[in-house]
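Whatever order the structure lists ligands and atoms in, that order sets their numbers, starting from 1. No experiment lies behind these values; they were computed from the predicted model shown.
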Amino acid sequence: MTSPTALQAARRRTFAIISHPDAGKTTLTENILLAGGAIRAAGAVRARGENRRTRSDWMKIERERGISVSASVMTFDHDGKMFNLLDTPGHEDFSEDTYRTLTAADAAIMVLDAAKGIEPQTLKLFEVCRLRDIPIITFINKMDREAQDPIELLDEIASKLALDPAPLYWPAGSGGRFKGMLDLREGAFIPYAKRTGGAADDEGHPEPVAFDGNSISQFLEDAEKAELEEQAELVGGGYPSFDLQSFLEGHMTPVFFGSALRHFGVKQLLAGIGAYAPAPKTMKAEKGGEPAEVEPGDKEVSGFVFKVQANMDPNHRDRIAMLRLTSGKFTRGMKLKAQNTGRQMSVNAPIMFFASDRELAEEAYAGDVIGIPNHGVLRVGDSLSESGLLRFAGLPNFAPEILRRVRVKDPLKAKHLKKALEGLAEEGVTQLFRPMIGSDFIVGAVGQLQFEVMADRLANEYQLEVIFENSPYAEARWLVGDRADVEDFVSKHKSAMGQDIDEAPVFLGKSAWEIGYVAEKYPKVRFERTKERA
Ligand code: G4P
């Protein structure tokens, strides 16, 4: 018999939205929340998107942690399912954060701008999803604008992503001539009500009608109907029909069309997520050093931290660790133990992220995300469980693409700088490397904006004014191999060796060429671009 815990887990749908900036992720997020009944009016999420456009506003928002924390995960109950929408930062400089968030998602919605198709950032994020076996649902957005030929869009998905597109709907026109879409499986036509004046409205669209019934003539001219019929036939012959198994294995993507801004096609997308996106899966783990499998319905509560956010009040250094649950029935006040430190904590004030408000979580199941306030004890990658024996691997740290030496303007504050930099590194804002020789602080980031956020936070939260200088190093690589081999390498390259915040050895190279050179000379040591957090 299936346990109540397993049944609760089975109704969870935890997903993220990936897209290239401007494809419409923010607009779609908001419309999914609207369609799911989590918010009542448009505007809430949208305002955030607009604020993000101007950097100073955006930073202010980020500083007022409340907003970004509550927006990190949005939970809503709809149509018998519990949806957890994980927010990923939009700016490409924050891709590292995005990658980590994807480790907590069971499915991803890939939003494409119908006029642009697959853009560079879409491709990068897609690759992460593929690496992590996250199935992808495609939403082709902005059909209310002039779009590319849908066949070309599908062919692009097939050729660039090596993914079989299975359209579930087919659009009738686009832009000014957009009339709606045909449900390819049900044979129903979903009319699009064109609005004038440009403003989005919540009035909705006419109810679907039978494609071969009489009322279709209200929405399509004869010629338009004939054209759509012909296309549907072509599509039926040219593309495989949707196969759930193939989707779950990452070979196929169901394709939806719509206009997030005009509230069109979002209901269908949400129904698709409910129907096809997988419930939380069995997770591979280690238990007391032995390989183990963790089932969502297991009695023991477990999870891993995929993100840490600084709290709202900069005067208190508390942080919120975002724990993605992997098994069990979590109840408030429960004691959980961190596998790496053995530290036990009573989780008395967990936060659940209901879309409109933050609330205390009374209970949560696999797939859910709870926020655990703490004072920097919990780190990204930590595994928590009741026994404290379970360990989930797989949260990557990425080799930074920019390295800078950081100095504090007031030399008396050097000690504070160390603490502050460690704090930010623990949160995953930037990475910190301490060279073995000398007293420099080298910080690494994937994008330039991360440094600006860092400087801003150091000034505001730690009262430290810092200067970023060119670093003598250009590349950082984590060393992996037998202990003796790594130690041998380290002893011979002390001037180019550093440690990350977990004291793992990192080779700091002056160029990519140098990395290649030493890698060839020391074949027993691997120079990794990513580090899986222990
Ligand atoms: P992002 O989070 O992926 O970066 O995209 P966001 O939702 O912020 O949308 C980017 C722009 O695209 C916005 O326009 C938004 O209104 C528009 N947009 C999103 N979905 C649709 C759609 O379905 N149809 C049309 N026509 N436009 C859409 P903007 O001009 O940058 O901002 P705003 O002036 O509308 O606020």
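Atom OH in Y192 sits 10.5 Å away from atom CE in M143 (nearest 0.5 Å).
Using a 4.0 Å cut-off between heavy atoms, P21 contacts ligand 1 through its backbone alone, with no side-chain atom that close. With a heavy-atom cut-off of 4.0 Å, L261 touches ligand 1 through backbone and side chain alike. Using a 4.0 Å cut-off between heavy atoms, D22 contacts ligand 1 through both its backbone and its side chain. At a 4.0 Å heavy-atom cut-off, ligand 1 touches R145 through the side chain alone.
Formation of a donor-acceptor pair under 3.5 Å by the T27 side chain with backbone atoms of A260 is not found in this model.
Below 3.5 Å of separation, one finds an N or O of T26 facing an N or O of ligand 1. An N or O contact shorter than 3.5 Å links A260 to ligand 1 by distance.
Using a cutoff of 4.0 Å between basic side-chain nitrogens and carboxylate oxygens, D87 and K307 are not scored as salt-bridged. Under the 4.0 Å criterion applied to side-chain N and carboxylate O atoms, D106 and R324 are assigned as salt-bridge partners.
Atoms of ligand 1 found under 4.0 Å from any heavy atom of K25, numbered from 1 in the order shown, are 1 (P), 2 (O), 3 (O), 5 (O), 7 (O). Remark: ligand 1 atoms within the under-4.0 Å shell around heavy atoms of S259 are 22 (C), 23 (O), 24 (N).
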Exercise. Taking it one step at a time, do H251 and D164 satisfy side chain to side chain donor-acceptor pair (under 3.5 Å)?
Worked result: CA-CA 6 Å; H251 307 306; D164 286 336; over 6 Å; no

Problem set entry | Derivation and outcome, salt bridge (Lys or Arg N to Asp or Glu O under 4.0 Å), residues K267 and D79 | CA-CA 11 Å; K267 252 197 284 182; D79 207 13; over 6 Å; no

